[in-house]
A.B. asks: 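Here it is: the structure, laid out below.
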Amino acid sequence: MIELSPSRAYSIFLNYCDEVANSSYLLSGRAIQNLLKFVASTPCLTNYLAKCNSSIKLNETYNSIFGETSLNLPQENMAVVSVVTKLLFDIDRNNIDMDKFLSAYYKYDDYSARYSHFCNTVLVTYAKAFGDVVSYKEKVVEAEEEKKVDNSVKEEVSPYIAKMAHIVEGDSLISDAKKDEIVTLLDGLYYSFDTQRAKIVKAMWIGLLAVADKYKPLQSYIKEVKKILETYALI
């Protein structure tokens, strides 16, 4: 995992947003998945997303965007980042049926036009809001004193990460996309200890919890890792 500067990470993030916007509706699923995977595997972006999520009542704010005939995004940049990221994850995980979603909020004759309008409104707003958050948070983070990570943490956590990766890779009941998503976050957590930055470790931990929260085979190992991170005051 290569740690990117916030400005470089945001530049690549915009490229993935362009990929989503320029994709055909039928192929949009892969583009959305690529965007989410990049956010989830990039420490600084995950860190910013965690801060955005903690700034609002996420579920309540998220549910409020779904009007009867229109999608009502919040005014605040941090809230926009949170709810649109969650919206994209729900679309990616099929918690939201994309066809029904587009039909409900975009009154055009075909799905391509509906998808295009979704990108020109929601995705554009999301990209701008994320950029404003990165610009602001970069200044704040630079001014904060960074907590160093004890060298022994990685040694204690590594066996659990290896066991979890082995379980995921050998599970035939989950999709390859889901495997890739979880293993990417496990790798991210493993390599985050090398950065010696507590905020990066915490960001990757939050990302792992987000993708593995309902995956039962990992829960006992996640609890053990949580104990270790709490012992060293990293979460």
A.B. asks: Where do A31 and S23 come nearest, in terms of heavy atoms and distance?
C.D. replies: CB-CB, 4.1 Å

A.B. asks: Is the closest basic N to carboxylate O distance between R114 and D110 below 4.0 Å?
C.D. replies: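 Salt bridge flag = no for D110 with R114.
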
A.B. asks: What closest approach, in Å, do P43 and A203 show between heavy atoms, and which atom pair accounts for it?
C.D. replies: O-CB, 3.7 Å

A.B. asks: If I compare all heavy atoms of P6 with all of Y48, which pair ends up nearest, and what's the gap?
C.D. replies: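 Smallest heavy-atom distance, with atoms named: CG-OH, 3.3 Å.
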
A.B. asks: Counting distance only, does the side-chain N/O of K178 pair as donor-acceptor with the main-chain N or O of V211 below 3.5 Å?
C.D. replies: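 The answer is yes, because a donor-acceptor pair under 3.5 Å joins these two groups.
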
A.B. asks: When you compare the side chains of N72 and S70, does any donor N or O come within less than 3.5 Å of an acceptor on the partner?
C.D. replies: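 Yes.
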
A.B. asks: So if you build clusters from Ile, Leu, Val, Met, Phe, Trp, Tyr with side-chain heavy-atom gaps below 4.5 Å, do L14 and V81 land together?
C.D. replies: yes

A.B. asks: With a 4.5 Å cut-off on side-chain heavy atoms, are I222 and W205 touching?
C.D. replies: yes

A.B. asks: Hydrophobic clustering (ILVMFWY, side-chain heavy atoms < 4.5 Å, transitive) - are V225 and V183 grouped together?
C.D. replies: yes

A.B. asks: Begin with the C-alpha distance, continue with both residues' side-chain angles, and end with the deciding distance and a verdict on side-chain contact (heavy atoms from CB on, under 4.5 Å) for Y160 and L186.
C.D. replies: CA-CA 10 Å; Y160 295 108; L186 287 169; over 6 Å; no

A.B. asks: Taking 4.0 angstrom as the limit, do D194 and K154 come out as a salt bridge?
C.D. replies: yes

A.B. asks: For residues Y126 and V20, determine if any side-chain heavy atom of one lies less than 4.5 Å from a side-chain heavy atom of the other.
C.D. replies: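 Heavy-atom side-chain distance check fails, nothing below 4.5 Å.
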
A.B. asks: So that I can tick it off, tell me whether R93 and E181 are bridged by a salt bridge, with the cut-off set at under 4.0 angstrom between side-chain N and carboxylate O.
C.D. replies: yes

A.B. asks: Counting N and O atoms only, with roles assigned by atom type, does the side chain of T195 sit under 3.5 Å from a partner on the main chain of S192, one being a donor and the other an acceptor?
C.D. replies: yes

A.B. asks: Is there a donor in the side chain of Y232 and an acceptor in the side chain of S152, or the other way round, less than 3.5 Å apart?
C.D. replies: yes

A.B. asks: Is a side-chain N or O of Y105 found less than 3.5 angstrom from the main chain of G67, in a donor-acceptor match?
C.D. replies: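 A pair under 3.5 Å: yes.
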
A.B. asks: Does any non-hydrogen side-chain atom of L234 lie less than 4.5 Å from one of K202?
C.D. replies: no

A.B. asks: On a heavy-atom basis, which atom in L123 and which in C17 lie closest, and how many Å separate them?
C.D. replies: CD2-O, 3.4 Å

A.B. asks: For the residue pair L26 and Y111, establish whether any side-chain heavy-atom pair is separated by less than 4.5 Å.
C.D. replies: no

A.B. asks: Could you walk me through whether L87 and F66 pass side-chain contact (heavy atoms from CB on, under 4.5 Å), step by step?
C.D. replies: CA-CA 10 Å; L87 173 64; F66 299 100; 4.1 Å; yes

A.B. asks: Strictly by modelled atom types, are Y115 and S24 linked by a side-chain donor-acceptor pair under 3.5 Å?
C.D. replies: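 There is no such pair between these side chains.
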
A.B. asks: Check whether any side-chain heavy atom of I200 lies under 4.5 Å from a side-chain heavy atom of V149, and answer yes or no.
C.D. replies: no

A.B. asks: Is L189 reachable from I206 through a run of hydrophobic residues whose side-chain heavy atoms are each under 4.5 Å from the next?
C.D. replies: no

A.B. asks: Do the ring planes of Y106 and H117 sit parallel (below 30°), tilted (30 to 60°) or perpendicular (above 60°)?
C.D. replies: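 Ring orientation of Y106 relative to H117: perpendicular.
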
A.B. asks: Would you say the side-chain atoms of Y10 pair up with the backbone N or O of A127, donor to acceptor, closer than 3.5 Å?
C.D. replies: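 Pair found, side chain donor or acceptor close to backbone of A127.
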
A.B. asks: Taking everything shown except K107 itself, do over 12 heavy atoms lie less than 6.0 Å from its NZ?
C.D. replies: yes

A.B. asks: Just wondering, more than 12 heavy atoms not from E230 lying within 6.0 Å of its CD?
C.D. replies: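 Count over threshold, so yes.
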
A.B. asks: Please answer: with hydrophobic residues joined when any side-chain heavy atoms are less than 4.5 Å apart, are F89 and L73 in the same cluster?
C.D. replies: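 Same cluster: F89 reaches L73 through Ile, Leu, Val, Met, Phe, Trp or Tyr contacts under 4.5 Å.
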
A.B. asks: So, does K100 use its side chain to make a donor-acceptor pair with the main chain of I96 at under 3.5 Å?
C.D. replies: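 Not a single qualifying donor-acceptor pair exists.
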
A.B. asks: Salt bridge check, E224 against K227: does any charged N sit closer than 4.0 Å to a carboxylate O?
C.D. replies: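 Between E224 and K227 there is a salt bridge, with a charged N closer than 4.0 Å to a carboxylate O.
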
A.B. asks: To the nearest 0.5 Å, tell me how far T85 OG1 sits from D90 CG.
C.D. replies: 11.0 Å

A.B. asks: Heavy-atom distance under 4.5 Å between the side chains of L35 and E19, does that happen here?
C.D. replies: no

A.B. asks: Please report the shortest heavy-atom distance between A129 and V80, naming the atom on each side.
C.D. replies: CB-CG1, 3.7 Å

A.B. asks: What distance do R30 atom CZ and D92 atom CG have between them, rounded to the nearest 0.5 Å?
C.D. replies: 9.0 Å

A.B. asks: Just how far is it from atom CG of L36 to atom NZ of K86, taken to the nearest 0.5 Å?
C.D. replies: 12.0 Å

A.B. asks: Is it the case that one hydrophobic cluster holds both I167 and M164, taking links as side-chain heavy atoms less than 4.5 Å apart, direct or via other members?
C.D. replies: yes

A.B. asks: Please check this pair: side chain of Q219 against backbone of A212, looking for a donor-acceptor N/O pair closer than 3.5 Å.
C.D. replies: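 Answer holds: yes.
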
A.B. asks: Are the side chains of I182 and L218 in touch, meaning some heavy atoms are under 4.5 Å apart?
C.D. replies: yes

A.B. asks: Fit a plane to each ring of F118 and F101, take the angle between them on a 0 to 90° scale, and name the class: parallel (under 30°), tilted (30 to 60°) or perpendicular (over 60°).
C.D. replies: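 Rings of F118 and F101: perpendicular, as their planes differ by over 60°.
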
A.B. asks: How long is the gap from NZ on K199 to CG on N47, to the nearest 0.5 Å?
C.D. replies: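 Rounded to the nearest 0.5 Å, the NZ-CG separation comes to 7.0 Å.
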
A.B. asks: For I228 and E156, work out which heavy atoms get closest and say how close.
C.D. replies: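 Distance-wise, the nearest heavy atoms are CD1-O, 3.7 Å.
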
A.B. asks: Mind running side-chain contact (heavy atoms from CB on, under 4.5 Å) on C119 and V124 for me, showing each step along the way?
C.D. replies: CA-CA 6 Å; C119 291; V124 168; over 6 Å; no

A.B. asks: Counting neighbours of NZ on K37 that are heavy atoms of other residues, nucleotides or ligands and sit closer than 6.0 Å, is the number greater than 12?
C.D. replies: yes

A.B. asks: Donor-acceptor pair, N120 side chain versus S116 backbone, under 3.5 Å?
C.D. replies: yes

A.B. asks: Just how far is it from atom CG of N34 to atom CG of N15, taken to the nearest 0.5 Å?
C.D. replies: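 If we round to the nearest 0.5 Å, N34:CG and N15:CG are 12.0 Å apart.
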
A.B. asks: Between N22 and D18, is there a donor-acceptor pair closer than 3.5 Å when you use the side chain of the first and the backbone of the second?
C.D. replies: yes

A.B. asks: Roughly how far, to the nearest 0.5 Å, is the CG atom of N53 from the CG atom of N59?
C.D. replies: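 N59 atom CG to N53 atom CG measures 9.5 Å (nearest 0.5 Å).
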
A.B. asks: Can you tell me if S82 uses its side chain to pair, donor with acceptor, with the backbone of M78 under 3.5 Å?
C.D. replies: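 Checked: pair present.
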
A.B. asks: Side chains of L88 and V84: does their closest heavy-atom pair fall under 4.5 Å?
C.D. replies: yes

A.B. asks: Assess the pair F13 and F130: is the distance between their ring centroids shorter than 6.0 Å?
C.D. replies: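 Yes, ring centres under 6.0 Å apart.
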
A.B. asks: Taking S54 for its side chain and K51 for its backbone only, find out whether a donor-acceptor pair lies under 3.5 Å.
C.D. replies: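 Looks like yes, one N/O pair under 3.5 Å.
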
A.B. asks: Within 45 degrees of the axis of the six-membered ring of Y221 and under 6.0 Å from its centre: does K163 put its NZ or CZ there?
C.D. replies: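 Here K163 fails the 6.0 Å and 45° test against Y221.
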
